[in-house]
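Report on the following structure.
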Amino acid sequence: DEALSEIRRVLATSPNDPESLEIEGLCHLRRRDLPRALDALGRAIAASPDVPHPHYLYGFALREAGRGREAEAPLGEALRRSPDEPVYLRALAELTSELGRHGESLALARRATEVSPERAANFVTLGFVASAAGDKRLAREAYERAVALDPADAAAWNNLGCLDLEAGKPLIAKARFREALRLDPRGERAQRNLNLVLAPGAPAR
């Protein structure tokens, strides 16, 4: 809220400044005010259409609003303007996976790991899209690479736990979920998964 107040003072004198509009849109995103985020980011794109990041944020806001199919165009535009940016590659990989285009999503995710092999987040995305495509072996390899790169990546620990649970290894899964929660105590997915393992009658092998 404080950042939004500051940026509005700037916009009062420079209402079409694209960088300020992008920051305003990001503030609204953080506040979960998606209509205002889309409005500000749309104005940022109109003011400076060659800059890729507002396109990405606009696509991100559309996904958050449940408008995934509409998000493909701005995410694709961001990637077209910056084809080696891992953040854009990951976003489009996740979206195309959700749309059932698994070959495309895997290619995008692999590209992210190739251009930036030191980032754990790239391997988390590869694991996610590989799992959605049914390739559990590749998913496990990707998540294990993610935790090797960043042992504090809670999402990778949680997702490894999901694979272990599917493989009939609830004790190992429980340890993974607990590690994810230790790293991110507010992690709702890991908490739900741990509750599932701890539920009465859950197998203990």
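Throughout, numbering of the chain's residues begins at 1 and tracks the sequence.
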When rounded to the nearest 0.5 Å, the distance separating CG of Leu108 from CZ of Arg90 is 12.5 Å
Between Tyr56 and His53 (judged by ring centroids, cut-off 6.0 Å), do the two rings come close enough to count as a pair? yes
Is it true that Lys174 and Asp164 make a salt bridge, defined as a side-chain N closer than 4.0 Å to a carboxylate O? no
Original post:
Are more than 12 heavy atoms from other residues, nucleotides or ligands located less than 6.0 Å from atom CD of Glu19?
Top reply: no
Rounding to 0.5 Å, atoms CG (Leu62) and CG (Leu34) come to a distance of 9.0 Å
side-chain contact (heavy atoms from CB on, under 4.5 Å) with Trp157: of Asp184, Leu183, Leu181, only one passes, and it is Leu183
Check your understanding: Is any NZ, NE, NH1 or NH2 atom of the basic residue among Arg9 and Glu6 found under 4.0 Å from an Asp or Glu carboxylate oxygen of the other?
Key -> yes
Where the side chain of Asp39 meets the backbone of Pro35, is there a donor-acceptor pair that is under 3.5 Å apart?
no
Counting only pairs under 3.5 Å, give me each side-chain donor-acceptor contact of residues 148-156, with atom names and distances, residues two or more places apart or in other chains.
residue	atom	partner	partner atom	Å
Asp150	OD1	Ala152	N	3.0
Asp153	OD1	Ala155	N	3.2
Asp153	OD1	Ala156	N	3.0

inquiry  = Within the 4.5 Å heavy-atom criterion, are Glu24 and Arg43 side-chain neighbours or not?
reply    = yes
| task | Go through the side-chain N and O atoms of Glu118 and Ser116 and say whether any donor and acceptor fall under 3.5 Å apart. | result | yes
Practice problem: Please assess Glu188 against Gln191 for the test side-chain contact (heavy atoms from CB on, under 4.5 Å), listing each intermediate value before the final yes or no. | Solution: CA-CA 5 Å; Glu188 294 181 2; Gln191 186 62 66; 5.7 Å; no
Worksheet item: If you measure from the Lys or Arg side-chain nitrogens to the Asp or Glu carboxylate oxygens, is any gap between Glu64 and Arg32 under 4.0 Å?
Response: yes
*asked:* Using a strict threshold of under 4.0 Å (side-chain N to carboxylate O), is an ion pair present between Glu141 and Arg137?
replied: yes
